[in-house]
Amino acid sequence: MFRIAICDDESIFTEELKRLVSDYMMENGFVFRIDTYGCGESLVDLGIEVVRYTVVFLDINMDKIDGIRTAEKIREVSRDILIVFVTAYVNYSLEGYRLDAVRYLLKSNANFQSTVNECMDAIMDKLNYSVAKKNFDFIEGTKELSLDRLLYIESNLHKLMFHVMVDDMVIYSIYGTLNTLELELAENDFIRIHQSYLVNKKYIKNVIRYKVVLTNGVELAIPKARYPDVKEQFISYQGEV
């Protein structure tokens with residue numbers, strides 16, 4: 001999951017930038033979360049936990065701790081976080097170079113939406129990240145799914161129920177076997193936790209007491225025979241991400 005932070009003391013602008021970034025992420029099928037901060041202090045106070053974010057958008061002109069100082073604090077913790085400066089001015093290029101900023105976004109730009117999209121394209125290229133997509137002939141019609149948005153597949157008699165996060169949770173159905181899907185999705189971080197469940201590891205919050213707890217609160221049972229392997233795979237995956 002992409003974790004993105006927007007730090008700006010102008011609430012109206014913050015919501016606009018959040019909307020534009022959300023639109024980009026939704027359109028491209030990414031799973032993401034955007035957190036907003038009204039001041040640099042709030043972001044700096046996270047300490048080491050700031051590494052939860054892949055991308056941070058920073059307003060340069062903030063009171064007390066401005067965007068440059070906030071970026072310096074972030075760089076003390078991590079060189080990997082991608083920083084995008086947002087500013088009403090254009091005279092900070094040397095600071096951006098020193099702090100390895102990906103882009104500057106000029107607030108007064110008349111084509112701000114296209115600028116944000118271009119910025120996000122550059123970020124995805126830098127991360128070499130792409131979303132795996134697959135076509136399925138559902139009973140509800142043929143659909144191309146972003147596998148990042150597929151939480152789990154449930155087998156019910158001869159029907160497979162796909163639990164997918166779009167704007168809200170939706171369920172698509174198809175006739176088939178979970179054994180076949182398990183093979184098809186073997187390289188996409190899905191794990192067979194039960195004869196009836198194939199789960200996306202990205203959405204597993206915890207594995208405890210013979211059940212998987214997903215990030216949306218859904219709990220799915222694990223047979224005792226499968227539990228050690230599921231637990232081991234979960235711990236291994238957590239270590240990777």
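- Outside the 6.0 Å centre-distance limit, the rings of Y175 and H158 are not counted as a close aromatic pair.
- The side-chain hydrogen bond (donor to acceptor under 3.5 Å, both in side chains) check on N216 picks up nothing, with sequence neighbours excluded.
- Listed by first then second residue, pairs satisfying salt bridge (Lys or Arg N to Asp or Glu O under 4.0 Å) with a partner in residues 136-145 number zero, not counting sequence neighbours.
- Pairs engaging residues 211-220 under the salt bridge (Lys or Arg N to Asp or Glu O under 4.0 Å) rule: K211-E219 [sequence neighbours left out].
- Here R33 pairs with D35 under the salt bridge (charged side-chain N to carboxylate O under 4.0 Å, His left out) rule; sequence neighbours left out.
- Residue pairs meeting the salt bridge (Lys or Arg N to Asp or Glu O under 4.0 Å) criterion with at least one partner in residues 153-162, sequence neighbours excluded, are absent.
- In this structure, M62 and E41 have side chains that are not in contact, with every pair of non-hydrogen atoms separated by 4.5 Å or more.
- Remark: side-chain polar atoms of R103 are not paired, donor with acceptor, to backbone N or O of V86 under 3.5 angstrom.
- Classification of R75 and E72 as a salt-bridged pair fails, no side-chain N sitting under 4.0 Å from a carboxylate O.
- At a threshold of 4.5 Å between non-hydrogen side-chain atoms, the residues L150 and Y203 do not count as touching.
- Note: F136 and Y172 fail the aromatic proximity criterion, with ring centroids not under 6.0 Å apart.
- Checked by atom type and distance alone, the side chain of T14 pairs as donor or acceptor with a backbone atom of E10 at under 3.5 Å.
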Starting from the C-alpha separation in whole Å, work towards a yes-or-no answer on side chain to side chain donor-acceptor pair (under 3.5 Å) for N179 and R192.
CA-CA 9 Å; N179 290 340; R192 186 76 171 269; 3.1 Å; yes
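- Applying the ring-ring contact (aromatic ring centres under 6.0 Å, His included) rule to F30 yields the partners F2, Y129; only residues at least two apart in sequence or on another chain are considered.
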